[in-house]
Amino acid sequence: MNEKKRNQILLILFLGVLMGALDIAIVAPALPTMQRYFSVGDRALTWTFTIYVLFNLIGTPLMAKLSDRYGRRSIYLLDVALFGLGSLLVALTPSHLFGVLLFGRALQGFGAGGIFPVASAVIGDTFPPEKRGSALGLIGAVFGLAFLVGPLLGGVILTLATWQVLFLINLPIAIVVMILGFWILPTQR
C-alpha cells in the first residue's frame with residue numbers, strides 16, 4: 001500500500017475518532033440548557049455523561065472482536081452509523097422523553113466504543129511497523145484535542161444555535177466518514 005492511500009485511511013480514521021471523542025466534551029456547556037429543556041434534576045442529568053461512557057466501555061471489546069471476525073471496514077462503518085443514529089435520536093428527542101435522550105446517548109456511546117479500537121486495528125493491519133507508532137499517536141492525540149476544543153466549540157455553537165445542533169453536526173461528519181470509508185478502508189478480514 002502506498003503512502004497516499006495510507007494517509008487517506010488515516011484521515012478517515014481521524015475524523016471518526018474525533019467525532020466520537022468530541023461528543024464527550026462538547027456536551028458539557030449544554031447541560032444547563034438541556035436540564036431546563038427536559039425539566040430533570042442534577043442526578044438524572046448526570047446520566048447524559050454516564051450512559052455514554054458506560055456503553056462506550058461495553059462497545060469497545062465487543063466491536064473489536066466483531067472487527068476481527070467480520071472485517072474492519074464493515075464494523076467501523078457500523079460503529080459510525082450507530083453513532084450517527086444515536087446523534088439524530090438525541091437531537092430529535094421531545095422535551096418530555098428524557099429516556100429517549102438517554103437511549104440515544106447509549107447508542108452513541110456504543111458506536112463510539114468501537115470506533116477507536118477498530119481504527120487502531122486498521123492501523124495495525126495497513127501501516128508498516130515503522131509508521132504505526134506515529135499513526136497511533138495521531139489517533140490517540142485526538143482525545144486530548146477533543147477535550148481541549150470540545151467545551152469551547154460547544155459554547156460557541158450554543159451562542160449561535162440550540163443544544164440540538166451539537167448533535168446534528170455529527171450527521172454530516174458521519175455520512176462523509178461512511179462514504180469515504182466504504183471506498184477507501186481495506187476490506188480484508
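Below, each value reflects all heavy atoms present in this structure, side chains not excepted, and no hydrogens, waters or symmetry copies. When a residue number appears, it is its place in the shown sequence, counting from 1.
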Colleague: Please report the interatomic distance CG(Leu10) to CD1(Ile184), rounded to the nearest 0.5 Å.
Modeller: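 Here the rounded value is 11.5 Å.
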Colleague: Going by heavy atoms in the side chains, are Phe55 and Leu102 under 4.5 Å from each other?
Modeller: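 No. Closest side-chain heavy atoms not under 4.5 Å.
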Colleague: Run the side-chain donor-acceptor check on residues 131-157: report pairs under 3.5 Å with partners two or more places apart or on a different chain.
Modeller:
from	atom 1	to	atom 2	distance (Å)
Arg132	NE	Gly124	O	3.3
Arg132	NE	Phe127	O	2.9
Arg132	NH2	Gly124	O	3.2
Arg132	NH2	Phe127	O	3.3
Ser134	OG	Lys131	O	3.1

Colleague: Among residues two or more places apart or on two chains, list those pairs meeting ring pair (Phe, Tyr, Trp, His ring centres under 6.0 Å) that have a residue in residues 75-103.
Modeller: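 Sorted pair list: Phe38-Phe98.
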Colleague: Would you give me the side-chain donor-acceptor pairs under 3.5 Å for residues 106-119, sequence neighbours excluded?
Modeller:
from	atom 1	to	atom 2	distance (Å)
Gln108	OE1	Arg105	NH1	3.0
Gln108	NE2	Asp23	OD2	2.7
Gln108	NE2	Ser87	OG	2.8

Colleague: Using side-chain contact (heavy atoms from CB on, under 4.5 Å) as the criterion, point out the one residue from Val40, Val27, Leu166 that pairs with Met34.
Modeller: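 Between Met34 and the candidates, side-chain contact (heavy atoms from CB on, under 4.5 Å) is satisfied uniquely by Val27.
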Colleague: Measure across Pro186 and Ile9 and return the closest heavy-atom pair with its distance rounded to 0.1 Å.
Modeller: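 Of all heavy-atom pairs spanning Pro186 and Ile9, the closest is CD-CD1, 3.9 Å.
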Colleague: Could you give the distance from CG (Leu31) to CZ (Arg36), rounded to the nearest 0.5 Å?
Modeller: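 Separation between the atoms: 11.0 Å.
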Colleague: Within this structure, what is the CD-CG distance for the pair Gln164 and Leu88, rounded to the nearest 0.5 Å?
Modeller: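 If we round to the nearest 0.5 Å, Gln164:CD and Leu88:CG are 11.5 Å apart.
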Colleague: For residues 160-187, which residue pairs pass the salt bridge (charged side-chain N to carboxylate O under 4.0 Å, His left out) check, not counting sequence neighbours?
Modeller: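 Passing the test, one end in residues 160-187: no pairs.
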Colleague: Can you tell if the side chain of Leu185 reaches within under 4.5 Å of the side chain of Leu13, non-hydrogen atoms only?
Modeller: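 Yes, close enough: below the 4.5 Å cut-off.
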Colleague: Are Leu18 and Ile173 close enough that some pair of their side-chain heavy atoms sits under 4.5 Å apart?
Modeller: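 Heavy-atom side-chain distance check fails, nothing below 4.5 Å.
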Colleague: Between Leu180 and Val176, is any pair of side-chain heavy atoms under 4.5 Å apart?
Modeller: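 A side-chain contact exists here, since the closest heavy-atom pair is under 4.5 Å.
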Colleague: side-chain contact (heavy atoms from CB on, under 4.5 Å), that's the test. Do Ile26 and Phe167 meet it? Break it down for me.
Modeller: CA-CA 9 Å; Ile26 202 170; Phe167 298 96; over 6 Å; no
Colleague: Do Met19 and Val80 come close enough that some side-chain heavy atom pair is under 4.5 Å?
Modeller: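 Yes; the side chains approach each other to less than 4.5 Å.
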Colleague: With sequence neighbours left out, write down each residue that passes side chain to side chain contact (heavy atoms under 4.5 Å, CB included) with Leu97, or none if nothing qualifies.
Modeller: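 If we apply the side chain to side chain contact (heavy atoms under 4.5 Å, CB included) test to Leu97, skipping adjacent residues, the hits are Thr93, Pro94, Val100.
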Colleague: For Gln35, give me all partners under side chain to side chain donor-acceptor pair (under 3.5 Å), at least two apart in sequence or on another chain.
Modeller: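 For Gln35, the residues satisfying side chain to side chain donor-acceptor pair (under 3.5 Å) (neighbours in sequence not counted) are Asp42.
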